[in-house]
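Presented below is the structure to which this report refers.
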Amino acid sequence: MIEKYAEIIGEDELDSIVKIAEKLKGVSVLHVNSTPSGGGVAEILSKLVPLMRELGIETDWKVIRGDKDFFTVTKSFHNSLQNGFGELPKGAFEIYNKWQEINGNELDLDYDIIFIHDPQPAGLIKFRKKGKWIWRCHIDISNPYEPVWNFLKQYVQQYDSIIISSPVFGRDDLIKPQYIVPPSIDPLSIKNRPIPEITVRRILYKFDVDPDRPIITQVSRFDRAKDPLGVIKTYKLVKRHTDVQLVYVGSPASDDPEGEIVYNETVQAAGSDKDIKLLMLPPNSDLEINAFQRGATIVMQKSIKEGFGLTVSEALWKEKPVIGGNTGGIPLQVINNVTGYLVTTPEEAAHYTLYLLRNTNIRERLGKNGKEHVRKNFLITRELRDYLMVASLTGS
Ligand code: UDP
């Protein structure tokens, strides 16, 4: 299976990955996160873990458990760390610590290298018996809400090294090595591999979307950081000038209890417009996501806060120009007038959407550039190599 990537990245790149992996033979590796599906972290781990195993590295993936109170707390951490302000549920720190205890006592954490993904399981470091521990932070921690960051930092400081997604997230109050590893997409997955045009059309028809009329698509959990209301506003501004449909595709994630509330807010904002499709798909609807991204005329990722935004690379890989929020990891992927346009307001987003809808040749140019940009920088093989490097450096 791993040999198949050679067609996309070349033999030399693949050889270098195999060589680094050889150094880790006999080393046991564990990844821990907070949901088996939904969201970017689960997406990456579901591809990365089998590849690490295929390279002969003994690798496991474990998911912590928690109740609604715990995930409400961790979602409030997530929001306040990214927004720089926030309101925490009563007893938030105690609830967080209680579930670290429960998981720490239940999970076997006896591995040589442990990657802990994001804040939700960060406190498990208290249960370290052996091995090197790496905190892999996928979110924007450049301007955190201090009470939450100070709480979390007591754990983060105990790790041997830290991985962040973009240089702009680097923190000078952490003394541990901080490695920059942007996330990535798997070009061979059902979500990203080429599919026949007829399949794209069939899936669009199935959801009552007309493949022959222009389509703006945003694929995102229903999360305020993804600005679904801003997407609706953008669409409405564009619709005043030209014919267009909006498809917003989301799906639930077990560690995001706000999804339903935000979905309802979005339904309200959409009103009765038949050209707006708000779709709540079951988790792992990968073929449908592939089709909606390929069927789009323009892909939007109008986030207000974003760790990276895998959906941007997924769209660029399918040669779609992306209009992306100028935040977090999106500017690594959206380069103005090269792969898409960076925006802040719905007005700016509408301006570039109209511009792109009216200029097929520019859409095509940006789309082609986008695919090359992703090939060079944001494929799973590059992230795999980076993880192996960080594991070797931290372990030695
Ligand atoms: N995703 C999905 N179905 C949906 C919405 C999102 O499969 O209905 C996927 C999306 O294709 C991407 C991941 O979930 O692979 C979201 O990752 P991203 O980094 O964009 O955002 P996050 O949810 O981690 O904040």
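Each ligand, and each atom within it, is numbered from 1 in the order the structure gives.
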So how far is it from [X] [atom1] to [Y] [atom2], rounded to the nearest 0.5 Å?
| X | Y | atom1 | atom2 | result |
| --- | --- | --- | --- | --- |
| Leu14 | Arg385 | CG | CZ | 11.0 Å |
| Leu287 | Phe292 | CG | CZ | 10.0 Å |
| Lys371 | Lys318 | NZ | NZ | 10.0 Å |
| Arg363 | Glu319 | CZ | CD | 13.0 Å |

Regarding [atom]: of the candidates [options], which has the closest heavy atom?
| atom | options | result |
| --- | --- | --- |
| atom 1 (N) of ligand 1 | Gln301, Lys191, Glu306 | Lys191 |
| atom 17 (O) of ligand 1 | Gly307, Ser303, Ala253, Gly40 | Gly40 |
| atom 13 (C) of ligand 1 | Gly39, Ala42, Gly38 | Gly39 |

Which atoms of ligand 1 have any heavy atom of [X] under 4.0 Å away?
| X | answer |
| --- | --- |
| Ile289 | 2 (C), 3 (N), 4 (C), 7 (O), 8 (O), 11 (O) |
| Gly309 | 19 (O), 20 (O) |
| Glu314 | 10 (C), 11 (O), 12 (C), 15 (O) |

Side chain, backbone, both or neither: which applies to [X] and ligand 1 if a contact is any heavy-atom pair less than 4.0 Å apart?
| X | result |
| --- | --- |
| Lys226 | side chain |
| His138 | neither |
| Leu281 | neither |

What protein heavy atom sits nearest [atom], and how far away is it?
| atom | answer |
| --- | --- |
| atom 5 (C) of ligand 1 | Val219 CG1, 3.6 Å |
| atom 8 (O) of ligand 1 | Gly250 C, 2.8 Å |
| atom 4 (C) of ligand 1 | Ser251 OG, 3.2 Å |

Can you check whether Leu310 has an N/O within less than 3.5 Å of an N/O in ligand 1? yes

Based purely on interatomic distance, does Arg221 place a nitrogen or oxygen under 3.5 Å from a nitrogen or oxygen of ligand 1? yes

Are the ring centres of Phe151 and Tyr155 closer than 6.0 Å? yes

Test ring-ring contact (aromatic ring centres under 6.0 Å, His included), reference Phe77, set Tyr145, Tyr96, Trp149, output is Tyr96

Under a 4.0 Å threshold between the charged nitrogen and the carboxylate oxygen, would Asp227 count as salt-bridged to Lys305? no

Could you tell me whether the side chain of Gln100 and the main chain of Leu124 form a donor-acceptor pair under 3.5 Å? yes

Is there a side-chain contact between Thr72 and Pro257, using heavy atoms and a 4.5 Å cut-off? yes

